[in-house]
Colleague: 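Would you mind keeping the following structure in view while I ask a few things?
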Amino acid sequence: MATMVIKSLIANLFLSLIIIQVSGCCHDCSFSKIIVGTERSGRNVEGIPEWNVSLINNCTCVQSQIKLACKGFQTLEPVDPSILSVEGDNCNLINGNPLQPFASVHFSYAWDPPFLLLPIHSVISDCS
Ligand SMILES: *[C@@H]1O[C@H](CO)[C@@H](O)[C@H](O)[C@H]1NC(C)=O
Ligand SMILES: *[C@@H]1O[C@H](CO)[C@@H](O)[C@H](O)[C@H]1NC(C)=O
């Protein structure tokens, strides 16, 4: 009888752990918490406006493998591929490396009109 009780206690414990993991428990973090800001830098490159982009991880978890939808992305000035690299219709941010909580990434590009850069994927870890 006692073993039965212990067994069901252990089963319940495992079940709650699974529920906590699935529901995410204590944080509310995803790629949608990456804030993208695009503003005119005030400069022109070969007569084409330059844009400053900043991306901020606005949550308490580390986000890696960040991908942005960036269909058709082009620029008249090169962007450091270790910051943004195009792969098909998507762009990889910082080579998939981790972006710490509340850390940001900045780059500039030149095109007219500017592109809509939309986070579509990340891997969440190390929530604080
Ligand atoms: C755009 O970025 C450049 C390079 O980081 C910086 O010098 C400039 O002040 C920025 N412009 C604006 C309007 O924030
Ligand atoms: C960043 O996240 C906080 C907490 O979720 C939220 O209140 C705030 O509006 C976010 N900032 C922006 C610029 O979206």
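FYI, side chains are in, hydrogens and waters are out, and symmetry mates aren't considered; it's all heavy atoms of this structure. Order of listing sets the numbers, starting from 1, for every ligand and every atom in it. For the single chain, residues carry numbers from 1 onward in sequence order.
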Colleague: Inspect cysteines Cys70 and Cys91 and report if their side-chain SG atoms are under 2.5 angstrom from one another.
Modeller: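 Correct, these two cysteines form a disulfide.
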Colleague: Pull out every atom of ligand 1 sitting under 4.0 Å from any heavy atom of Asn52, numbered as shown with elements.
Modeller: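 That gives atoms 1 (C), 2 (O), 3 (C), 8 (C), 10 (C), 11 (N), 12 (C), 14 (O) of ligand 1.
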Colleague: Please list, in number order, the atoms of ligand 1 under 4.0 Å from a heavy atom of Arg40.
Modeller: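 Atoms satisfying the 4.0 Å criterion: 13 (C).
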Colleague: Assign the ring pair Tyr109 / Phe115 to parallel, tilted or perpendicular, where the plane angle (0 to 90°) is split at 30° and 60°.
Modeller: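 Tyr109 vs Phe115 ring planes: tilted.
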Colleague: When hydrophobic residues are tied together by side-chain contacts of less than 4.5 Å, even through go-betweens, does Leu118 share a cluster with Phe107?
Modeller: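 No, because Leu118 and Phe107 fall into different hydrophobic clusters, even though each may have its own neighbours under 4.5 Å.
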Colleague: Just wondering, more than 12 heavy atoms not from Gln74 lying within 6.0 Å of its CD?
Modeller: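 Yes.
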Colleague: Please list, by chain and number, the protein residues whose heavy atoms come under 4.0 Å of ligand 2.
Modeller: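 Within the 4.0 Å shell of ligand 2, which is judged on heavy atoms, sit Ile35, Asn58.
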Colleague: May I ask you to identify, for Glu39, whether its side chain, its backbone, both or neither come under 4.0 Å of ligand 1 on a heavy-atom basis?
Modeller: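 Side chain only.
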Colleague: Please determine which of Asp28, Thr60, Asn57, Asn58 meets the side chain to side chain donor-acceptor pair (under 3.5 Å) test together with Lys33.
Modeller: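 One option only clears the test, and that one is Asp28.
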Colleague: Let's test your reading of the model: do Cys29 and Cys127 have SG atoms under 2.5 angstrom apart?
Modeller: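 Judged by the SG atoms alone, which are 2.5 Å or more apart, Cys127 and Cys29 are not bridged.
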Colleague: Leu84 and side-chain contact (heavy atoms from CB on, under 4.5 Å): which partner among Leu55, Val53, Leu68, Asn92?
Modeller: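 Only one option passes, and that is Leu68.
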